[in-house]
Every structure is written in C-alpha cells, then in structure tokens.
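Here is the structure we will look at.
Computed from heavy atoms alone, side chains included, the values below leave out hydrogens, waters and symmetry copies. A quick note: this is a predicted structure, and the numbers were derived from the prediction, not measured.
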Amino acid sequence: MKGNTLSSDKLSVVVRVDVDGEQIQIAATGHVTATSLQGLYPVVQRTRSLGGGLGVEMDLTEATVDADALQQLQVFAELYEVPVRLQNNNVTALPSRELQTTSRAA
C-alpha cells in the first residue's frame with residue numbers, strides 16, 4: 001500500500017487466513033464510519049460463509065473508528081459472534097448531530 005493509511009479516509013480491507021487454517025482475520029485500515037461499515041459487513045459475511053466454520057475476527061487496530069460506527073460494530077459483533085479488535089486510542093469522539101444542532105442554535 002502506498003503512503004500512510006491511517007491518514008486516509010478511505011477504508012482498506014485485507015483478509016488473512018492463518019497458515020494453520022484455524023483463524024481468518026479481516027484487517028481494515030483507514031477511517032471506519034457508519035457508511036463504510038455498509039461495505040465491510042458483506043465482506044465479513046462472505047468470509048464467514050467461505051471459511052468452512054473457521055473463526056473470523058475483525059482487526060481494526062490500525063483503523064480510526066467513529067463513535068457512531070463503534071456502536072454499530074458492537075451490535076454486529078454480538079449478533080454474529082464476530083470478535084472485533086480495537087485500540088483504545090483509535091476511536092474518535094465526535095459530537096452527535098443533536099449536540100451540533102444545539103451548539104449552532106446558541
């Protein structure tokens with residue numbers, strides 16, 4: 001990959017299969033937003049269906065994750081039993097739209 005993927009808003013996804021064939025990891029870099037998750041979910045589902053029962057894990061330790069996307073990820077991970085790895089410092093704290101509207105009106 002060219003350049004620093006952490007500074008990019010573009011989401012890049014790589015699917016890695018463990019040499020022993022026990023684990024599949026979906027590693028994403030870039031900026032994870034609620035919108036970009038709509039493209040990531042089908043990758044996870046397709047990987048799970050092709051994995052033949054292997055464990056699938058999402059690795060977002062090298063990505064920046066919006067707070068809204070984090071909430072969606074938590075629901076998705078619990079519903080589909082897919083572990084998601086994050087770094088604590090890569091979750092962006094963005095104000096909600098409600099707060100943005102209130103602050104503009106003041």
Run through Val15, Val14, Val84 and flag the one making a side chain to side chain contact (heavy atoms under 4.5 Å, CB included) with Ile26.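 Going through the options one by one, the only one that passes is Val15.
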Can you tell me how far the [atom1] atom of [X] sits from the [atom2] atom of [Y], to the nearest 0.5 Å?
| X | Y | atom1 | atom2 | result |
| --- | --- | --- | --- | --- |
| Thr47 | Gln25 | OG1 | CD | 11.5 Å |
| Ile24 | Arg16 | CD1 | CZ | 13.0 Å |
| Leu40 | Gln72 | CG | CD | 11.0 Å |
| Thr64 | Glu62 | OG1 | CD | 9.5 Å |
| Leu86 | Leu70 | CG | CG | 6.0 Å |

For Phe76, which residues count as a ring-ring contact (aromatic ring centres under 6.0 Å, His included) partner, sequence neighbours excluded?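 Applying ring-ring contact (aromatic ring centres under 6.0 Å, His included) to Phe76 gives Tyr41, Tyr80.
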When you look at CD of Glu81, are more than 12 heavy atoms from neighbouring residues, nucleotides or ligands closer to it than 6.0 Å?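 It does not: Glu81 CD has 12 such atoms or fewer within range.
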Under the side chain to side chain contact (heavy atoms under 4.5 Å, CB included) test, residues paired with Ser36 that sit two or more places apart: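 Partners of Ser36 under the side chain to side chain contact (heavy atoms under 4.5 Å, CB included) test: Leu11, Val32, Thr33.
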Which pairs with one or both residues in residues 33-58 pass salt bridge (charged side-chain N to carboxylate O under 4.0 Å, His left out), sequence neighbours excluded?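 Non-adjacent pairs meeting salt bridge (charged side-chain N to carboxylate O under 4.0 Å, His left out): Glu57-Arg85.
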May I have all residue pairs that pass ring pair (Phe, Tyr, Trp, His ring centres under 6.0 Å) and include part of residues 42-62, sequence neighbours excluded?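 Output for this query is empty, none listed.
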Quick one: ring pair (Phe, Tyr, Trp, His ring centres under 6.0 Å) pairs with a partner in residues 53-72, sequence neighbours left out?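 Listed once each, the pairs would be none.
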Considering all heavy atoms, the nearest [X]-[Y] contact:
| X | Y | result |
| --- | --- | --- |
| Asp66 | His31 | OD1-NE2, 2.6 Å |
| Ala28 | Ala63 | O-CB, 3.5 Å |
| Val82 | Val44 | CG2-CG1, 4.2 Å |

Kindly say whether Thr61 contributes a backbone atom to a donor-acceptor pair with the side chain of Asp59 at under 3.5 angstrom?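 Pair found, side chain donor or acceptor close to backbone of Thr61.
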With a 4.5 Å cut-off on side-chain heavy-atom distances among I, L, V, M, F, W and Y, is there a chain of contacts connecting Val65 to Val75?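 Different hydrophobic clusters.
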Single-linkage hydrophobic cluster, 4.5 Å side-chain cutoff, Leu50 and Val43 together: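 Leu50 and Val43: separate clusters.
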Any chance you could lay out the side-chain contact (heavy atoms from CB on, under 4.5 Å) test for Leu73 and Leu60, step after step, and finish with the verdict? CA-CA 11 Å; Leu73 273 170; Leu60 303 178; 3.4 Å; yes
